[in-house]
Amino acid sequence: MNIKKIIKISFILILFIITVIGVINTVIIYQIKENNLTKQSITNLVSMQEKMNELLKDTINLDSIDKLDKYKEDFSKYELEFEKIQDTFKEQDKNDFIDFFISDIQKNEIIAKKLNLLFESEQEIEKAFETIYSLQENKIEIIDEFERNYPIENELRKKLDHEISERKDFNLSQLFSDVKYYSKEVLYQKRDRETFDKWLGKIELLKQNFNNSDTQKYLEIVGKVGNSVVKIKEIEEIEFDIRNKSFNIINLNKQYSSEMEDEIEQLSGDFINITYLSILLLLIIVISFLTLLSYKVYKNVGLSVDEIETKIEDGLTEITNLNHEIENTQKEVVFTMGAIGESRSKETGNHVKRVAEYSKLLAFYYGLDEKESEMLKQASPMHDIGKVAIPDAILNKPGRFDEDERKIMNTHAALGYEMLKHSNRPLLKMAAIVANEHHEKWDGSGYPRSLSGENIHIYGRITALADVFDALGSDRVYKQAWDDEKIFNLFKEERAKHFDPKLVDIFFEHLDEFLKIREAFKDKF
């Protein structure tokens with residue numbers, strides 16, 4: 001075979017290998033995206049079940065049918081949301097192009113089994129709520145009846161007490177003392193049927209010795225009051241048992257969720273390791289071919305050593321560029337995930353870009369080296385990734401949150417940390433810290449852990465200042481952008497309160513650079 005054919009075939013083979021590497025890289029990105037979506041869907045399933053369980057728990061304490069119906073309506077909404085998330089898994093089960101290379105992760109035997117257990121347990125929670133609803137509806141009616149009859153019983157008991165006291169009969173007084181004792185036991189202590197029967201027995205005995213119309217009336221009203229109290233306690237015991245079973249289901253589901261996330265993490269790690277090894281093998285083949293080709297060219301056509309080295313260097317440059325492309329793709333995936341979290345709250349993609357640039361600038365002037373500062377720039381866009389788990393009605397509310405909505409909104413920091421904490425990648429570890437601590441405050445008044453001072457990681461302190469600066473200067477669904485003077489006055493007031501004082505000083509010292517970044521990445525409408 002002549003040298004021209006060797007060169008032609010070699011370059012065709014190299015081009016094919018490069019194409020294969022590109023395909024593998026695409027599959028990696030797609031698989032990472034699908035794995036993260038699956039993990040998020042699992043987290044959302046458990047979150048919906050926890051909310052349903054909270055409603056079930058609170059239903060036990062409701063005191064009116066109207067409130068009961070409102071809780072039932074809210075529970076139905078969570079049921080529908082759970083079913084929507086469940087349907088996403090059915091959608092993901094449909095074959096797509098990538099499935100020809102690698103099957104969906106939820107088809108894994110362990111994950112599929114745990115998912116089915118999650119779906120089945122949701123039906124158990126639904127049945128538990130229906131049972132609790134019926135019991136509570138009955139209990140409210142019984143309580144209403146008790147509240148109507150108890151004042152009558154109390155009044156008759158006082159009247160009998162007075163009548164018996166006037167008789168000054170020791171035996172009657174002793175009998176009525178027993179009646180009063182068992183009334184307290186039934187109404188306030190044991191509340192069981194055995195004690196209730198003893199109470200009725202004491203009244204019957206009193207009636208035999210003091211038979212008048214009041215005694216007969218008292219016996220009748222006690223029958224109603226005592227029966228109500230016993231029934232209320234029996235219902236409460238059933239409700240308590242159902243509630244405990246629901247708690248056990250939720251705890252078990254949390255365990256399933258954790259096990260599935262661990263399995264996904266393991267499968268993802270194995271998949272990435274295998275693909276990286278495949279890429280490495282292909283790169284070795286490319287290098288070997290380039291070397292062999294250079295040797296053949298040198299031997300057959302007498303190319304100079306410099307020409308051979310040039311060709312090898314070109315090949316190595318191509319390989320290096322491919323490695324850089326993989327690394328940049330990983331960074332782009334992280335940035336895109338951060339942008340997804342921001343876009344759910346109607347914020348522009350430029351918000352995460354500005355926060356990233358501000359974070360790098362603060363980190364560098366704080367004293368972090370260039371590599372760590374650049375990594376913080378890549379990680380900071382993930383600070384609000386937890387918002388993907390916050391309901392749209394709260395996330396995009398055009399006004400102030402009420403207390404319950406604020407509590408739900410504040411969970412996004414911890415949720416973001418839970419999404420990211422399992423990764424061993426340095427970039428995602430840093431992103432997990434940023435997500436968890438960017439709402440902590442220097443004086444300890446922040447959330448989710450009320451950390452203070454330097455107990456807050458420097459990544460969290462930096463991102464907090466960068467995020468607040470950009471948020472205040474940007475339009476949101478619940479406010480208009482502040483002017484610069486108002487922002488700067490706030491930063492001075494919040495020095496050593498909300499923000500690290502050293503970072504505030506750095507901010508004002510290099511204010512012109514921050515303003516240049518804001519101008520370079522300003523939102524375009």
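Partners of Gln123 under the side chain to side chain contact (heavy atoms under 4.5 Å, CB included) rule, at least two apart in sequence or in another chain, do not exist in this structure. Among residues two or more places apart in sequence or in another chain, the salt bridge (charged side-chain N to carboxylate O under 4.0 Å, His left out) test is passed with Asp63 by Lys67.
Taking a cutoff of 4.0 Å between a charged side-chain nitrogen and a carboxylate oxygen, Lys441 and Asp500 do not qualify as a salt bridge. Look at Lys70 and Asp74 and you find a salt bridge, because one of the NZ, NE, NH1 or NH2 atoms lies within 4.0 Å of a carboxylate O, short of that distance. With respect to the salt-bridge test (charged N to carboxylate O, under 4.0 angstrom), the residues Arg449 and Glu437 qualify. The existence of a salt bridge linking Lys522 and Glu519 is confirmed by a sub-4.0 Å separation between a basic side-chain nitrogen and an acidic carboxylate oxygen. Salt bridge status for Lys360 with Glu370: present, with a side-chain N to carboxylate O gap under 4.0 Å. Comment: Glu403 engages Lys407 in a salt bridge, judged by a side-chain N to carboxylate O separation of less than 4.0 angstrom. Using a 4.0 Å cut-off between a side-chain N of Lys or Arg and a carboxylate O of Asp or Glu, Asp505 and Arg495 qualify as a salt bridge. Between Lys497 and Asp443 no salt bridge is recorded (no basic side-chain N to carboxylate O distance below 4.0 Å). Between Lys72 and Asp69 there is no salt bridge, since no side-chain N of the basic residue sits under 4.0 Å from a carboxylate O of the acidic one.
Listed for the Arg354 side chain is no donor-acceptor partner under 3.5 Å among the backbone atoms of Ile517. A donor-acceptor contact shorter than 3.5 Å links the side chain of Asn251 to the backbone of Phe247. The main-chain N or O of Lys353 is never found under 3.5 Å from a side-chain atom of Asn350 such that the two would form a donor-acceptor pair. Distance alone, capped at 3.5 Å, places no donor-acceptor pair between the Asp384 side chain and the Lys387 backbone. The backbone N or O of Leu420 sits nowhere less than 3.5 Å from a side-chain atom of Ser423 that would complete a donor-acceptor pair. The backbone N or O of Ala432 lies less than 3.5 Å from no partner atom in the side chain of Asn436, so there is not a single donor-acceptor pair. In this structure a side-chain-to-backbone donor-acceptor pair under 3.5 Å is missing from Glu494 to Phe491. The backbone N or O of Phe507 sits nowhere less than 3.5 Å from a side-chain atom of His510 that would complete a donor-acceptor pair. The backbone N or O of Glu485 lies less than 3.5 Å from a partner atom in the side chain of Asn489, making a donor-acceptor pair. With Gln136 contributing its side chain and Leu62 its backbone, the two residues share a donor-acceptor pair below 3.5 Å.
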Practice item. Assess whether side-chain contact (heavy atoms from CB on, under 4.5 Å) is satisfied between Ile458 and Leu376, documenting all intermediate values. Key: CA-CA 10 Å; Ile458 184 59; Leu376 182 58; over 6 Å; no
Point to revise | Worked verdict on His438 versus His457 for ring pair (Phe, Tyr, Trp, His ring centres under 6.0 Å) | key: CA-CA 9 Å; His438 75 285; His457 201 287; over 10 Å; no
**Study point:** Trace of the side-chain hydrogen bond (donor to acceptor under 3.5 Å, both in side chains) decision for Glu122 with Tyr78
**Key:** CA-CA 11 Å; Glu122 189 268 344; Tyr78 288 135; over 6 Å; no
Review point. Would Tyr459 and Leu368 satisfy side-chain contact (heavy atoms from CB on, under 4.5 Å), going step by step from the backbone distance to the final call?
Key: CA-CA 10 Å; Tyr459 303 155; Leu368 275 59; 4.0 Å; yes
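Scanning both residues, Phe499 and Leu465, for their nearest heavy atoms gives CE2-CA, 3.8 Å. Nearest approach of Ala413 to Tyr447, heavy atoms of both residues: CB-CE1, 4.3 Å. Of all the heavy atoms in Glu405 and Ile394, the pair that sits closest is O-CG2, 3.9 Å. Counting all heavy atoms, side chain and backbone alike, Ala356 lies closest to Ser380 at CA-OG, 3.2 Å. Taking each heavy atom of Ile456 and Arg461 in turn, the nearest pair found is O-NE, 2.9 Å. Taking both residues in full, the closest heavy atoms of Leu503 and Leu362 are given as O-CD2, 4.0 Å, listed atom of the first, atom of the second, then distance.
Distance check, rounded to the nearest 0.5 Å: CD1 of Ile125 to CD1 of Ile242 gives 13.0 Å. Residue His351 holds its NE2 atom at 14.0 Å from CZ of Phe521, rounded to the nearest 0.5 Å.
When each of Phe82, Phe129, Tyr133 is checked for a ring-ring contact (aromatic ring centres under 6.0 Å, His included) with Phe75, only Phe129 meets the rule.
Under the 4.5 Å side-chain criterion, counting only non-hydrogen atoms from C-beta, Lys139 is in contact with Glu239. Residues Glu137 and Thr59 form no side-chain contact, since every pair of their non-hydrogen atoms from C-beta on lies 4.5 Å or further apart. Side chains of Met430 and Met382 form no contact here, defined as non-hydrogen atoms less than 4.5 Å apart.
Between His439 and His498, the distance from one ring center to the other does not fall under 6.0 angstrom.
Judged by distance alone, the side chains of Tyr358 and Glu513 never bring a donor and an acceptor atom under 3.5 Å apart.
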